[in-house]
Each structure stands twice: as structure tokens, then as C-alpha cells.
Colleague: 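Structure provided below as C-alpha cells; questions to follow.
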Amino acid sequence: MAAVNGSSSNIQGVPTHVKSICCIGAGYVGGPTCSVIALKCPHIKVTIVDINPVRIAAWNSDVLPVYEPGLDEVVRECRGRNLFFSTDVDAAIKEADLIFVSVNTPTKTSGVGKGFAADLHYVEASTRRIASVATSSKIIVEKSTVPCRTAASMRTILESNSTFAADGTQISFQILSNPEFLAEGTAIRDLFAPDRVLIGSLDTQQGKAAANALSEVYENWVDRSKVYQTGLWSSELSKLAANALLAQRISSINSLAAICEATGANVDEVAHACGLDGRIGNKFLKASVGFGGSCFQKDILNLVYLSESLGLKEVSDYWHQVIKMNEYSKERFARKVVSTLFNTITFKKIAVLGFAFKKDTGDTREAAAITLCKYFRQERAFIAIYDPKVTTNQIMLDLTEPGVVDDAEAVRKQVRIATSMQDACDDAEAVIICTEWDEFKNASKQEWEAIYKAMKKPSFLFDGRGIVDTKMLREVGFKVHAVGKGPVIVDPVWA
Ligand code: UDX
Ligand code: ADP
């Protein structure tokens with residue numbers, strides 16, 4: 001167990017028992033992760049800081065800035081006890097034995113590596129901040145997903161700027177890599193019972209001491225056998241590799257979905273048959289309109305850039321293909337909508353159900369719905385969007401972002417945010433399911449009948465997630481297309 005009170009002991013300047021944690025970055029990763037640490041370690045003071053005062057105010061309110069099942073309960077239990085949200089970054093850094101760096105690392109949009117490399121300026125700014133305000137030795141933990149060897153740059157910055165403690169001893173910093181493997185929508189469950197906790201450190205006495213101190217924090221609720229200590233670079237690369245392998249499975253099944261549609265095979269049956277092989281397994285084989293989220297695309301692009309920088313062109317091409325297949329999946333689906341609606345959707349009303357990149361999250365980063373809406377808009381359709389969690393503001397922000405669109409006013413004229421499934425579908429010619437929300441999956445026959453009644457005829461339904469009962473919907477009267485289930489158009493009797 002970690003020490004509860006009293007001064008933390010240390011090995012050559014490395015805190016060995018963590019009593020105070022600072023998390024820089026109150027986003028989708030830092031917020032839930034450190035809230036769970038606070039819950040499971042009541043003897044540790046956890047302060048989550050952010051430069052964004054609006055975000056911090058939300059964390060301190062009844063409406064948290066991140067929607068995650070179970071998160072409200074966790075925060076309610078420990079906020080004000082040993083969990084604090086603050087904009088006072090410097091004070092939290094000074095007080096902490098251990099600092100998680102959980103800031104965003106988006107794909108660069110300009111300069112060298114544009115479109116591929118990770119933008120590390122938030123990581124660097126946090127590192128410099130730590131170096132300039134720390135008055136005691138600390139363990140610095142990379143939580144954000146970063147390119148391999150980022151820890152080396154952090155170390156250089158910290159060592160070049162470190163000062164002396166009040167007692168005249170030089171402050172030392174030990175850097176660890178501790179990537180977060182939580183998935184959005186199941187973050188709390190994943191944090192409560194992780195498959196593994198990975199801690200990478202330098203192979204030195206201090207490095208190992210720091211890794212043990214962090215391990216001790218997790219061991220308050222995670223079995224020691226699940227905490228895996230590795231070298232720093234292996235840990236950094238493992239996060240990119242795990243996401244690349246998961247995304248690769250989705251692109252693989254989506255490529256097979258295209259073959260299914262062309263041949264009459266059913267992708268769910270194919271995935272199930274393949275997944276029964278214990279070597280393959282059944283996870284991440286659900287065909288879809290395409291994967292989204294803040295991680296998969298970003299991390300693979302990162303891997304592509306890394307491989308290319310290392311002169312490994314074939315490796316880089318190999319991973320790039322996973323992204324290209326994802327883009328192809330989204331475009332193929334959008335084209336199917338247009339071709340099925342008699343090759344034009346101009347001035348037609350299209351209902352989009354679901355805008356989040358997956359169910360049980362309000363996050364829209366890289367959501368397939370953004371790409372589809374852009375495509376439908378370019379075809380001059382009117383779009384009504386309904387999502388149970390994503391706010392109107394967020395949807396409009398995503399659809400009017402520079403780079404997505406150049407005419408924000410036109411978007412506002414073409415897009416309407418609906419308040420329910422029924423509201424979105426009224427008078428529409430086609431319904432497009434973009435997110436696998438339970439509300440859509442579990443809608444009853446009566447609900448679909450009411451929706452069908454209010455739509456133009458023929459009424460089309462395109463299931464980008466393979467969640468609806470196609471047989472039942474065809475009985476209702478819909479003309480249904482589901483990803484990976486073909487053939488679709490068998491004229492003259494389609495359904
Ligand atoms: C992912 C990783 O799963 C997680 O370990 C890592 O820490 C962060 O990146 P996340 O992006 O939150 O998590 O969600 P995930 O469940 O992996 O889904 C990503 C995308 O793939 C979603 O758009 C989802 O709908 C899609 N997906 C997932 C499929 O299309 N088919 C599947 O079989 C699984
Ligand atoms: P992730 O999904 O990786 O958690 P988010 O974008 O949700 O990414 O959250 C990252 C958070 O980090 C943002 O709220 C941002 O304001 C914060 N942040 C970025 N740079 C700094 C910094 N130098 N100091 C404090 N917070 C920062």
C-alpha cells in the first residue's frame with residue numbers, strides 16, 4: 001500500500017510513495033483516468049488541471065464536459081475529498097510527487113509532417129511549465145499517446161531547465177511512459193478492470209524506482225500480475241501498435257464487407273465464422289461505415305510518419321493502407337446512398353441518426369458522420385441530424401470547421417438538428433444510421449412504423465452499423481441497405 005501521510009521517501013531524488021498527483025489536461029483521457037485513481041486511492045490527493053477555464057468549470061459543475069457511463073458517480077464521490085479540478089497549473093505541479101501529462105497530441109495541420117506527424121507542442125509546453133515551476137523532484141508520466149522517443153525530448157527539456165530545491169539539492173525528474181488503453185464509452189469499466197497497465201521506464205535504478213512507485217498506485221485496485229513494466233520506447237510504441245492492430249482488423253472486415261455486398265454473402269456471418277477460430281477471436285470484427293475517434297487515424301498516421309522517417313517505406317505504405325481502406329469505406333457507403341436514391345439527392349431530405357464516433361460518448365472526433373454529411377451536403381441534400389448525446393453546438397462546429405467546409409452559412413441552411421429519431425425522419429427520403437446507439441438498435445416495430453409513415457415513399461434505410469433488424473424493417477416497408485449485406489439492388493423486386 002502507498003504511504004498515507006508523512007513525507008514521501010525517495011531513492012536518489014525519486015519519490016517512492018506517491019501522495020500527491022497532478023494531471024495536466026482535463027480531457028477525455030486525463031479526466032476519467034485520474035478521477036478513477038482518486039476514487040481507488042483515497043489516500044492520494046489528485047488535482048486535475050487545464051488551461052481551459054470553461055472545461056475546468058464544467059468539471060466542477062453538475063454537467064461534466066465528458067459523457068461517460070459511470071463517470072458522474074465517480075466524480076461525485078471524490079470531488080472535494082481527494083479530487084480537485086483547477087486552472088492553477090503551477091500550484092498543482094509544485095505540490096505533486098507524480099505528474100501525468102494528458103494533453104492533446106493532434107495530427108499536425110501544417111509544417112513538416114503535416115497530415116501525419118503528431119503535434120507535440122502541447123506536450124512540450126507542459127514539460128517546460130513543469131521544468132520552470134517545480135521545486136522538488138518528480139516523476140513525470142506520459143499519458144498522452146506520443147511518437148516513439150518523445151520521452152527523450154521531454155527529458156532533455158527537463159534536465160536543461162531544472163533548478164535546485166530549497167535544500168540546495170538538484171531537482172531530478174524521472175520520465176515514465178504509461179499509455180492509456182481505455183476506450184471511450186466504456187472508460188470507467190476499462191479503468192476499473194484494465195486488461196493490462198503498461199509502465200515503461202529507463203533501465204536505471206531511478207527509472208525502476210519510479211516505475212515501482214507508479215505501479216504501487218495502480219496496485220490499489222489492479223492485480224500486480226496485470227502491471228507490465230517494459231522499456232520506455234517499447235511502451236511508447238506499444239500504444240501506437242495496439243491501436244494500429246485494432247484499426248487494421250476493422251479495415252480488414254470492412255474490405256470484406258465490400259466483397260459481401262457484391263456477392264450476396266453476409267459480413268456478420270463471415271466475421272462470426274472467422275472469429276470462432278481462437279487464433280483470430282471475435283473482437284473488432286464488426287463491419288461499419290468506417291472507424292472514427294481521436295486515436296485510430298491519428299496513431300496510424302503517426303506510425304506511417306515514423307516508419308517513413310526511419311526509411312521504412314514498405315512498412316509505412318502497409319499501415320497507410322489501413323487509413324485508405326477506412327476512407328474508402330466511408331466513401332463507398334455515401335456513394336451507395338446516392339446511387340440508390342436514383343443517382344441524385346439534390347434537395348432531398350436525408351435523416352442522419354447518430355453523430356458521435358461510437359455509442360455512449362458525446363465525442364465526435366473523426367466521426368464517420370462528419371464525412372458523410374460533408375458528402376451529402378456537396379450533393380446539395382438537406383440533412384436532419386439526431387444524436388442522443390452530441391450537442392447542437394458541437395455538430396455545427398464540426399460541420400462548419402475550416403477544412404471541412406468553406407461556406408459555413410450554406411451549412412446552416414442545409415442542416416437541421418433534430419430532437420428525436422422521429423423528428424429527424426419526418427418527410428425524409430432516406431434514413432442513415434451512423435452510430436450504433438441502443439436507442440436506434442432497440443427501437444420497436446411500432447416506432448419504425450411511425451417513422452416509415454412520416455417519410456417520403458419509397459423510404460430507404462441505410463444501416464452503417466449493422467444494428468437493425470433488416471427483416472423487420474422490410475416488413476414495415478423500408479428498402480434497406482446494411483453494410484456488408486448484399487446484394488442490395490436486385491431490380492425490380494428489391495426488398
Ligand atoms: C480506441 C482503442 O480501442 C483504445 O484502446 C485506445 O485507448 C483509444 O482508441 P476508442 O477510439 O475510444 O478506443 O473506441 P473503439 O471502441 O476502439 O472504436 C473506435 C472506432 O472503431 C469507432 O468508430 C467504432 O465504432 C469503430 N469500430 C470498433 C468498428 O467499426 N468495428 C468494430 O468492430 C469495433
Ligand atoms: P484527450 O482525448 O487526449 O484527453 P482532449 O483534447 O480531450 O484530449 O484533452 C486535452 C486537454 O489538455 C485539453 O482540455 C487542453 O485544454 C489541455 N491542455 C493542453 N495543453 C495544456 C497545457 N499546457 N496545460 C494544461 N492543459 C493543457
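First listed ligand is number 1; within each ligand, the first listed atom is number 1. All values reported here derive from a predicted model rather than from experimental measurement.
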Colleague: Among all the protein's non-hydrogen atoms, which is closest to atom 5 (P) of ligand 2, and how far away is it?
Modeller: R55 NH1, 3.7 Å
Colleague: Please identify each residue that fulfils side-chain hydrogen bond (donor to acceptor under 3.5 Å, both in side chains) with Y328, with sequence neighbours left out.
Modeller: none
Colleague: May I ask you to identify the nearest protein heavy atom to atom 24 (N) of ligand 2, giving residue, atom name and distance to one decimal place in Å?
Modeller: I24 CG2, 3.5 Å
Colleague: Short N or O contacts of ligand 1 with protein, under 3.5 Å, listed by atom name?
Modeller:
from: ligand 1; atom 1: 5 (O); to: F181; atom 2: O; distance (Å): 2.7
from: ligand 1; atom 1: 7 (O); to: E180; atom 2: O; distance (Å): 3.2
from: ligand 1; atom 1: 7 (O); to: F181; atom 2: O; distance (Å): 3.3
from: ligand 1; atom 1: 7 (O); to: L182; atom 2: O; distance (Å): 2.8
from: ligand 1; atom 1: 7 (O); to: K239; atom 2: NZ; distance (Å): 3.4
from: ligand 1; atom 1: 12 (O); to: E184; atom 2: N; distance (Å): 2.7
from: ligand 1; atom 1: 14 (O); to: K358; atom 2: NZ; distance (Å): 3.1
from: ligand 1; atom 1: 16 (O); to: K358; atom 2: NZ; distance (Å): 2.8
from: ligand 1; atom 1: 23 (O); to: G292; atom 2: N; distance (Å): 2.9
from: ligand 1; atom 1: 23 (O); to: F357; atom 2: O; distance (Å): 2.8
from: ligand 1; atom 1: 25 (O); to: R465; atom 2: NH1; distance (Å): 2.6
from: ligand 1; atom 1: 30 (O); to: S288; atom 2: OG; distance (Å): 2.7
from: ligand 1; atom 1: 31 (N); to: K286; atom 2: O; distance (Å): 2.9
from: ligand 1; atom 1: 33 (O); to: L285; atom 2: N; distance (Å): 3.3
from: ligand 1; atom 1: 33 (O); to: K286; atom 2: N; distance (Å): 2.9

Colleague: Got the closest protein heavy atom to atom 6 (O) of ligand 2, with its distance?
Modeller: N104 CB, 3.6 Å
Colleague: May I ask whether R129 places a heavy atom under 4.0 Å from ligand 2?
Modeller: no
Colleague: Going through the distances and angles, do T364 and D398 end up as a side-chain hydrogen bond (donor to acceptor under 3.5 Å, both in side chains)?
Modeller: CA-CA 8 Å; T364 59; D398 286 328; 2.5 Å; yes
Colleague: Can you name the residues that form a side-chain hydrogen bond (donor to acceptor under 3.5 Å, both in side chains) with S307, not counting sequence neighbours?
Modeller: none
Colleague: For atom 17 (C) of ligand 2, what is the closest protein heavy atom, and at what distance to 0.1 Å?
Modeller: D50 OD2, 3.2 Å
Colleague: Counting heavy atoms only, which of G293, S126, S294, P53 is nearest atom 23 (N) of ligand 2?
Modeller: S126
Colleague: Are T391 and N393 close enough that a side-chain donor and a side-chain acceptor fall under 3.5 Å?
Modeller: no
Colleague: Considering only protein heavy atoms, which is closest to atom 26 (N) of ligand 2, and at what distance to one decimal place?
Modeller: I51 N, 3.4 Å
Colleague: Between F296 and F291, what is the ring plane arrangement, given parallel below 30°, perpendicular above 60°, and tilted in between?
Modeller: perpendicular
Colleague: Answer with side chain, backbone, both or neither: which part of R365 has a heavy atom less than 4.0 angstrom from an atom of ligand 2?
Modeller: side chain
Colleague: How far does NZ of K19 sit from CD1 of I44, to the nearest 0.5 angstrom?
Modeller: 11.0 Å
Colleague: Would you find a donor on one side and an acceptor on the other, under 3.5 Å apart, between the side chain of T400 and the backbone of M396?
Modeller: yes
Colleague: Among protein heavy atoms, which sits nearest to atom 18 (N) of ligand 2, and what does the distance come to when rounded to 0.1 Å?
Modeller: V103 CG1, 3.7 Å
Colleague: As an exercise, state the distance from OG1 of T127 to CD of E142, rounded to the nearest 0.5 Å.
Modeller: 8.5 Å
Colleague: Determine the sole option in V49, I93, I21 for which the side chain to side chain contact (heavy atoms under 4.5 Å, CB included) test with I99 is passed.
Modeller: I93
Colleague: Check whether the side chains of Q321 and D317 place a donor and an acceptor atom closer than 3.5 Å, and report yes or no.
Modeller: no
Colleague: What protein heavy atom sits nearest atom 3 (O) of ligand 2, and how far away is it?
Modeller: V29 CG2, 3.9 Å
Colleague: Given G27, A26, P32, which one has a non-hydrogen atom that is nearest to atom 9 (O) of ligand 2?
Modeller: G27
Colleague: Just distance, no hydrogens or angles: give the donor-acceptor pairs under 3.5 Å from side chains in residues 103-110, sequence neighbours left out.
Modeller:
from: T105; atom 1: OG1; to: T145; atom 2: O; distance (Å): 2.9
from: T105; atom 1: OG1; to: K298; atom 2: NZ; distance (Å): 3.0
from: K108; atom 1: NZ; to: V112; atom 2: O; distance (Å): 2.7

